[in-house]
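Residue numbers begin at 1 in each chain, while the letters A, B, ... track the order of the sequences.
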Amino acid sequence: MAVTILIKGGRVIDPASKRDEIGDVWIVDGKIAASGHAPQRTIEARDQWVVPGLIDLHVHLREPGHEAKETIASGCAAAVAGGFTSVACMANSGQPLDSAMAIRYVLDRAREAGSARVFPIGAVTKGLRGEQLAEIGLMAKAGAKAFSDDGVPIVNSEIMRRALEYAAMFGSCIVSHCEDPDLTRGALINEGRVATELGLRGWPSVAEASMAARDVMLARWTGGRVHIAHVSARETVEVIRAAKRNGVRVTAEAAPHHVTLTEERLREYDSRFKMNPPLRTAEDVESVLAALADGTIDCIASDHAPHTTEEKEQELAACPNGVVGLETTLGVVLTDLVTNGKLSATRAVEAMTVNPARILGVPYGTLAVGAPGDITVIDPARKWTVDPAKFRSKGRSTPWAGRTLKGAAAVTIVEGRIVHDV
Amino acid sequence: MAWTSQVLATTRWNQAHLLGIRDLSRDDLLSVLSVARELKNVPPSDAPLRGRRLLAFFVESSTRTRTSFGIAARRLGMEVIDVSPGSSSLSKGESLKDTTRTIDAMGVDQVVIRHPASGAPRFVSNALRASVINAGDGANEHPTQALLDLFTMEERLGRVTGLRIALVGDILHSRVARSNLWAHRLLGNRVTVVGPATLVPRDVQAMGADVSHRLDPVLETHDVIMMLRLQLERQHAGLFPSTAEYAELFGLTRERLARLREDTIVMHPGPMNRGWEISAEAADSGRSVILDQVANGVFVRMAVLLLLDSARGKNLTTKAPKHEERVS
């Protein structure tokens with residue numbers, strides 16, 4: 001039941017309306033309001049940030065099919081605990097989200113869970129096999145907000161071309177997992193100094209950048225819209241920067257680990273640092289971060305990829321790619337990027353609110369009057385230690401286990417309902 | 001007993017495991033060579049490791065390394081238990097973690113492991129009370145091979161420093177090359193890696209090596225020419241066009257052999273592909289120390305077994321490799 005909420009005296013940061021000031025925010029009837037009266041709940045937000053509900057546009061919720069790794073309910077619980085009011089979930093669950101029925105299933109389960117909003121991303125191709133277009137139109141009608149075969153690349157350029165053309169009819173973008181699989185077969189970590197020293201098969205940056213180059217060229221040719229997922233390499237940044245300069249409809253995201261950690265972490269063969277694309281060099285980190293700061297990369301997305309403990313506790317070669325991120329992204333961004341001045345607070349908030357909302361074409365990510373009452377109240381000073389045993393997510397593998405972070409979500413509100421409150 | 005304690009007393013070995021040359025200090029490395037030298041000069045009359053158990057856990061096939069470890073351990077009086085992949089529970093889907101814990105519960109003193117995955121011995125050592133010896137993991141390391149290579153160099157050239165070494169062939173997939181690179185870096189020797197561009201890993205210069213894509217220029221300037229085994233599957237993967245072309249460009253042919261300096265030695269970790277990376281003339285010439293390498297392997301492995309045994313109870317943890325994190 002929506003109640004009238006007053007969030008008092010916080011630093012209100014709403015990049016969508018270029019607002020950054022101390023002030024009050026009201027939620028009346030589940031919507032942002034200019035004013036109100038008799039609030040049932042008043043949140044004292046002095047020294048806190050009041051921002052639009054955070055949106056993570058790259059999350060793997062695993063359900064249906066891989067419920068041992070994560071369920072829609074556990075993933076949504078993790079999301080709101082981490083300050084996210086909305087998540088977009090990828091299509092590569094155990095049973096691919098490649099039909100309207102599957103999209104409706106996810107939306108139903110999310111409604112039952114009743115915490116974060118879920119924007120399903122439908123598969124581009126049937127069964128994620130990269131061969132035939134899935135029913136993009138019917139999925140869009142059922143509520144899919146974007147399309148992606150993420151987890152695997154769309155190797156066939158003809159399919160990618162047609163997908164861009166087709167999805168554009170529904171105003172949707174194609175989220176591209178850029179990886180030339182011939183260049184990455186058997187690869188475990190970034191190709192470079194560490195892989196060479198450890199004798200591990202390397203994943204070269206060019207496998208990402210060359211696919212990104214193909215995709216922006218196809219977007220340019222078709223007029224379609226492409227979103228480059230999890231940018232990890234300097235060369236990919238250069239591709240995107242040039243494409244944007246040429247007016248191509250391209251957007252991009254970076255994961256927190258790709259702007260804070262390097263391949264050096266793999267020297268101990270620690271599976272908590274194994275993900276796809278892999279951690280790269282300090283030069284790549286610098287470049288991706290600079291692109292995030294200057295807007296070449298539009299948003300921060302966690303690529304939350306939960307696996308079971310049994311799966312992740314194996315030797316590096318055997319354990320699957322992926323780490324969780326929903327409960328650490330905000331803390332890592334504040335601690336490692338904002339506090340030390342690498343990213344402004346406004347830019348960080350923009351990259352986690354209005355930008356992902358625009359890419360998905362959803363009316364969230366703003367505190368404009370009349371907008372849905374999704375708000376995250378952030379305590380930028382709160383120190384806490386990452387303890388995977390306390391995660392709401394079923395996934396426990398994180399590069400930040402044991403790390404002390406500064407900054408956390410104090411209150412998470414979805415459509416005027418308080419879904420997380422510490 | 002007196003013999004071994006006397007020999008070991010002068011050494012400065014400081015490792016709980018032998019996972020790779022990368023983890024060793026110069027003192028560790030020289031300790032192995034000096035103990036191996038003593039063992040070769042005066043074989044121990046007693047059985048200093050009687051009652052100790054060595055588990056040989058070879059997940060990847062091996063003849064010479066496995067046999068060499070077996071002989072070394074038995075000469076020291078150890079009981080050797082062999083576990084091969086066919087008979088182990090790995091084929092029943094048990095995880096490496098559980099296999100390791102099972103081994104630990106049975107109570108062995110040392111485990112020698114070969115595994116196709118780089119890093120597997122380190123993974124195993126984290127869950128084991130026994131000392132772990134890496135007998136080859138993926139393309140990462142094969143430390144006892146590098147140690148026996150050094151021992152053989154010292155025997156034939158009279159020194160292990162001030163050397164120029166050429167490692168020739170498939171550097172990309174070679175654990176022998178990596179262990180040698182770490183060893184020579186520790187000793188300050190100059191290493192040139194020689195091979196086709198497709199078989200030389202990116203950024204190998206960061207390991208202290210010079211790179212050459214031609215064999216001929218290194219023939220007259222190096223003290224050691226170490227030929228590495230070429231595997232046909234690399235041709236199938238498109239990394240070189242044919243064994244004939246490879247032999248022509250990178251093989252130690254009769255003609256190239258003739259151009260070596262008088263005192264240059266030829267090495268090969270085996271097994272050899274005669275006619276591909278090495279000609280019969282080169283393999284069988286007076287400069288070839290290939291069989292010395294095999295013979296010395298036993299003494300070097302005995303030294304490693306003794307040193308690791310002496311380190312037990314010292315409560316050592318293997319030194320963490322240097323972190324060079326540049327970004328927080």
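Among the candidates Asn140(B), Val124(B), Leu181(B), the residue making the largest number of heavy-atom pairs closer than 4.5 Å to chain A is Asn140(B). Heavy-atom pairs under 4.5 Å with chain A peak, among Asn126(B), Ile171(B), Asp203(B), at Asp203(B).
Side-chain atoms of Arg193(A) do not come within 3.5 Å of backbone N or O of Arg202(B) as any donor-acceptor pair.
One finds the NE2 atom of His115(B) at 5.0 Å from the CD atom of Glu315(A) (value rounded to the nearest 0.5 Å). Separating the CZ atom in Arg267(A) from the CZ atom in Arg22(B) is a distance of 6.0 Å, to the nearest 0.5 Å. If you take CG on Leu198(A) and CZ on Arg175(B), they are separated by 15.0 Å, rounding to the nearest 0.5 Å. Between atom SG of residue Cys319(A) and atom CZ of residue Phe123(B) there is a gap of 9.0 Å, rounded to the nearest 0.5 Å. Note that the CD atom of Gln205(B) and the OG1 atom of Thr196(A) stand 9.0 Å from one another [nearest 0.5 Å]. In this structure, the separation between CG on Leu19(B) and OH on Tyr269(A) is 9.5 Å, given to the nearest 0.5 Å.
At a threshold of 4.5 Å between non-hydrogen side-chain atoms, the residues Lys97(B) and Gln314(A) do not count as touching. A heavy-atom distance below 4.5 Å is not found between the side chains of Glu197(A) and Glu141(B).
Within 6.0 Å of atom CZ in Arg101(B), 12 or fewer heavy atoms from other residues, nucleotides or ligands are found, so the atom counts as exposed in its surroundings.
Both the backbone and the side chain of Glu313(A) come within less than 4.5 Å of a heavy atom in chain B.
Smallest separation of non-hydrogen atoms from Ser118(B) and Gly199(A): OG-O, 2.8 Å.
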